[in-house]
Amino acid sequence: QVIHVGEINRISQIKQLGEQVAYNISTTKADSATQLQSLLNATGIPLKSDGLAGKTTYNAYFQVSGKYLHGDPRRR
């Protein structure tokens with residue numbers, strides 16, 4: 001698999017933004033979660049950009065970054 005420079009920059013952006021997004025299963029939307037979802041969509045992971053960083057978003061974030069969102073019960 002070949003990784004292009006643009007993909008590396010996108011992954012770096014996802015990792016940085018993910019540090020600011022909290023796992024959220026409530027109905028409170030966050031602009032940072034919407035931005036994260038949009039970046040994850042750009043990597044080919046289909047997500048609804050709804051501003052809710054729930055299970056689908058944190059699974060996608062983990063798939064790309066290898067890290068969990070703040071507040072995720074699996075994060076140690």
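Every value quoted in this text rests on a predicted model; they were computed, and no experiment measured them.
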Given Glu19 and Lys67, is the side-chain contact (heavy atoms from CB on, under 4.5 Å) satisfied, shown in steps?
-> CA-CA 9 Å; Glu19 289 297 318; Lys67 298 179 180 181; 3.7 Å; yes
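Checked options Thr56, Leu17, Leu47; the residue passing with Leu40 is Leu47 (criterion: side-chain contact (heavy atoms from CB on, under 4.5 Å)).
Between atom CD of residue Gln20 and atom CD of residue Gln35 there is a gap of 8.5 Å, rounded to the nearest 0.5 Å. Note that CG of Asn59 and OG1 of Thr57 are 9.0 Å apart. Values are rounded to the nearest 0.5 Å.
Residues Gly51 and Ala33 share a closest heavy-atom pair of O-CB, 3.4 Å. Smallest separation of non-hydrogen atoms from Leu39 and Arg10: O-CD, 3.7 Å. The two residues Val64 and Lys15 make their nearest non-hydrogen contact at O-CE, 4.5 Å.
Distance alone, capped at 3.5 Å, places no donor-acceptor pair between the His70 side chain and the Tyr23 backbone. Without hydrogens or angle criteria, Gln37 side chain to Leu52 main chain gives a donor-acceptor distance under 3.5 Å. Side chain of Asn24 to main chain of Thr28: a donor-acceptor pair is present (N/O by atom type, distance under 3.5 Å, no hydrogens or angles).
Judged by distance alone, the side chains of Asp50 and Thr34 never bring a donor and an acceptor atom under 3.5 Å apart.
The shortest distance between side-chain heavy atoms of Ile11 and Ser65 does not fall below 4.5 Å. Contact of the Leu69 side chain with the Leu36 side chain is registered, since non-hydrogen atoms from C-beta on lie closer than 4.5 Å. A 4.5 Å side-chain heavy-atom check between Gln63 and Ile45 finds at least one atom pair inside the cut-off.
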